[in-house]
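Here's the structure, in structure tokens; my notes come after.
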Amino acid sequence: MKWTIAPEAFYPEIEQGIKRLGQALDGIGPEVPVRLERADTGLEVRLADGAALIRAAEPAGLWRGLGLLAGVLERNEAGCDFRQTTPFRTRGIMYDCSRNSVPTVATVEKLLVKAALMGFNTFMLYTEDVYEVEEFPAFGKYRGRYSREELRAMDDTAASLGIELIPCIQTLAHLERFFRWPNTHALQDTDSVCLVGEEETYRFIEAMIRSISGGVRSRRIHLGLDEAHGLGLGRKLERDGYVPKTELMKAHVARVWEICRRYGLHPMMWGDMMFRMSIPDGGYYQDDIRLTDKARGLFPEGMDVIYWDYYHNDEAFYRHYFEQHEAMGVPALFAGGVCSWVGMLPNLVKSWQTCRAGLSAARKMGVREVFTCAWKDNGGEAPPGADLLGFAMFAENCWSEDCENDADHFRNARLLTGADYEGFYEVGSVDELLDGLSLQGLEPPNPQKYFLWQDILLGQYDRESCLADFASIYAEKAERLEAFLRTGRYEPDALYDLTLAAKLCRVLERKVDIGVRLKRAYDEGDAGALRAIQAELEGELYDRLTALYTVHREAWHHFFKPFGWEVADIKYGGLFARLRTSALRLEQYLSGEIDSIEELEEARLLSSGDASTQLFLCHSNCYVNISTTSLL
């Protein structure tokens with residue numbers, strides 16, 4: 001593309017962005033002259049007679065326009081005329097860097113480029129303890145924490161693309177990885193929650209805020225302040241007696257707010273604690289919730305409060321919660337989510353429904369700032385590739401009021417994500433083993449995780465695996481993914497997700513029912529079947545697991561810092577060792593060395609602990625509980 005930039009089109013503000021995106025789009029389609037202009041509102045992209053015009057009201061709109069135009073050129077279309085608007089002045093991505101998988105600077109820079117082409121103008125790095133705090137040398141130690149120089153490098157890239165990089169930290173709870181160090185005891189109420197009301201705690205919080213905010217341009221900061229389960233019920237209770245959570249929370253938020261104001265920062269926080277203190281069991285979502293007066297005044301005037309909801313499929317629920325925020329005098333920002341916390345692969349079936357419902361409600365309720373979050377719970381197993389399609393889904397619903405899940409809106413997917421829409425949607429549908437499964441309940445069932453990590457001899461999820469012929473379903477999914485891979489149409493980074501998904505399905509094709517077959521053959525005394533399963537454990541299944549492990553390790557070290565992979569090694573190592581042990585136990589039994597295999601003598605329960613005959617697929621996302629019922 002040859003650029004012609006109108007003098008009023010944000011120049012020189014966009015000069016570096018033009019260079020960076022020009023490199024990213026180099027070689028895509030025929031070379032055409034492109035004129036960039038400033039518009040009063042919205043976005044306009046026109047291509048006619050071999051020349052293009054992009055008009056936008058903000059730099060992020062120009063970048064989205066470039067993405068739309070590049071897609072048209074890539075498809076060799078003769079012309080286009082796009083006109084789009086968005087009511088959301090802030091459109092952001094929050095990427096979880098705190099669950100072992102810390103993206104490298106290069107990975108973050110790639111994500112920023114893709115985000116710019118989608119029309120996002122804000123990016124958050126969720127960092128619980130993965131940044132340096134000089135006064136606390138153990139903070140983030142051995143966790144892949146970002147240095148001040150790395151933060152500045154990522155911020156420079158973001159700024160060149162007109163994206164505000166907002167630090168996102170924790171100043172109350174979710175600090176269990178730092179609190180594992182014995183010298184942090186004075187800061188702790190519980191294993192994960194700060195001891196509020198203590199000056200030493202506020203010196204620690206000030207050091208965090210000073211350190212993270214010093215590495216970026218933005219004067220906004222996300223303080224977390226969510227999910228403070230057990231607030232005031234640990235050392236605080238022992239020392240000072242019972243103090244209502246509302247009092248503790250209000251005083252703590254006020255102190256942290258004051259620290260931010262001294263540093264010239266405009267803070268934001270998650271808003272769930274306002275609800276948790278009004279729901280008897282400390283939950284967050286309740287259909288008929290009406291906040292009580294004790295929730296009023298919890299937040300200082302001017303604090304940005306975010307309503308986060310990654311789960312509901314119906315617009316009415318979101319609207320009800322927006323109304324509850326307004327009733328408390330708290331105009332909410334909104335955070336939806338890409339369902340990326342369920343295992344190695346996201347659930348994009350769920351992501352699509354929740355982002356449509358949440359953004360439709362936000363639009364109608366007049367919300368102006370929205371984000372989508374990519375959480376990486378329980379080990380950060382997933383690479384970032386397929387998440388990009390989830391981000392694109394969110395972006396399309398920001399810029400189009402009547403967005404449908406069809407080729408018309410996602411024909412640009414290959415440019416924006418590195419893979420065709422159908423390819424990454426197949427990756428994000430691995431957990432859709434039965435039609436509509438992903439939309440059952442708040443948390444979608446995630447059989448990819450528990451069918452992989454469950455123990456073969458214990459069979460904790462074997463009852464669930466009998467619901468259908470899942471082995472055949474995984475085989476069909478693997479074949480479709482392998483067919484996509486054979487097309488050769490994908491960027492190198494996208495191949496990791498597609499390959500990982502295919503290898504995972506091939507493992508599950510063999511493993512999903514092997515415990516059921518093993519138990520049946522044992523109960524029936526079928527020595528031939530037992531011998532065949534022993535050979536499978538030592539041969540085909542072991543080889544398929546090795547292939548999965550290899551590509552997963554390569555993907556991790558391509559996208560993330562090496563810290564944290566040791567946990568994946570422990571998981572895989574345990575699975576390999578249990579395959580060998582299971583094969584050995586079978587050999588000992590078949591040779592007469594032992595009279596029984598005690599693990600196989602046990603009757604199988606549902607994973608919930610019930611003996612019911614009603615089968616269903618659950619959501620289970622804790623490796624420790626999946627892999628064993630013993631202590632680990």
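Computed from a predicted model, the values in this text were never measured in an experiment.
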Handout entry: salt bridge (Lys or Arg N to Asp or Glu O under 4.0 Å) partners of residues 437-452, not counting sequence neighbours, each pair once
Key = Glu381-Lys449
Practice task
Flag the pair Tyr425 / Val349 as yes when at least one side-chain heavy-atom distance between them is below 4.5 Å, and no otherwise.
Solution key: yes
Fill in the blank from the handout: Given the options Arg544, Arg517, Arg531, Glu536 meets side chain to side chain donor-acceptor pair (under 3.5 Å) only with Arg517
Exercise for the section: Report the residues that fulfil side chain to side chain contact (heavy atoms under 4.5 Å, CB included) with Val512, sequence neighbours left out, ordered by chain and then residue number. Expected result: Phe451, Ser465, Phe470, Ala471, Tyr474
Practice task
Without swapping roles, check the side chain of Asp189 against the backbone of Lys236 for a donor-acceptor pair under 3.5 Å.
Solution key: yes
Handout entry: Pairs involving residues 572-582, ordered by first then second residue, that meet salt bridge (Lys or Arg N to Asp or Glu O under 4.0 Å) (sequence neighbours left out)
Key = Asp455-Arg578
Practice task
Sorted by first residue and then second, give each salt bridge (Lys or Arg N to Asp or Glu O under 4.0 Å) pair with at least one member in residues 559-569; sequence neighbours left out.
Solution key: Glu150-Lys561
Practice task
Go through the structure and list residues passing side chain to side chain contact (heavy atoms under 4.5 Å, CB included) with Gln188, not counting sequence neighbours.
Solution key: Phe179, Thr184, Asp191
Handout entry: His558: side-chain hydrogen bond (donor to acceptor under 3.5 Å, both in side chains) partners, not counting sequence neighbours
Key = Asp493
Practice task
Report the residues that fulfil salt bridge (charged side-chain N to carboxylate O under 4.0 Å, His left out) with Lys245, sequence neighbours left out, ordered by chain and then residue number.
Solution key: none
Problem - Non-neighbouring partners of Glu479 that pass salt bridge (charged side-chain N to carboxylate O under 4.0 Å, His left out), sequence neighbours left out - result: none
Exercise for the section: Just jot down the salt bridge (charged side-chain N to carboxylate O under 4.0 Å, His left out) partners of Arg553, sequence neighbours excluded, or say none. Expected result: none
Problem - Any donor-acceptor pair under 3.5 Å from Ser620 side chain to Tyr450 backbone - result: no
Practice task
With side chain to side chain donor-acceptor pair (under 3.5 Å) as the test, would you mind laying out the steps for His312 and Tyr321 before giving the verdict?
Solution key: CA-CA 11 Å; His312 290 91; Tyr321 261 55; over 6 Å; no
Practice task
State which residues pass side chain to side chain contact (heavy atoms under 4.5 Å, CB included) with Leu631; sequence neighbours excluded, sorted by chain then number.
Solution key: none
Handout entry: Pairing residues for Glu598 by the side chain to side chain contact (heavy atoms under 4.5 Å, CB included) criterion, not counting sequence neighbours
Key = Ser596
Problem - All salt bridge (charged side-chain N to carboxylate O under 4.0 Å, His left out) counterparts of Arg180, not counting sequence neighbours - result: none
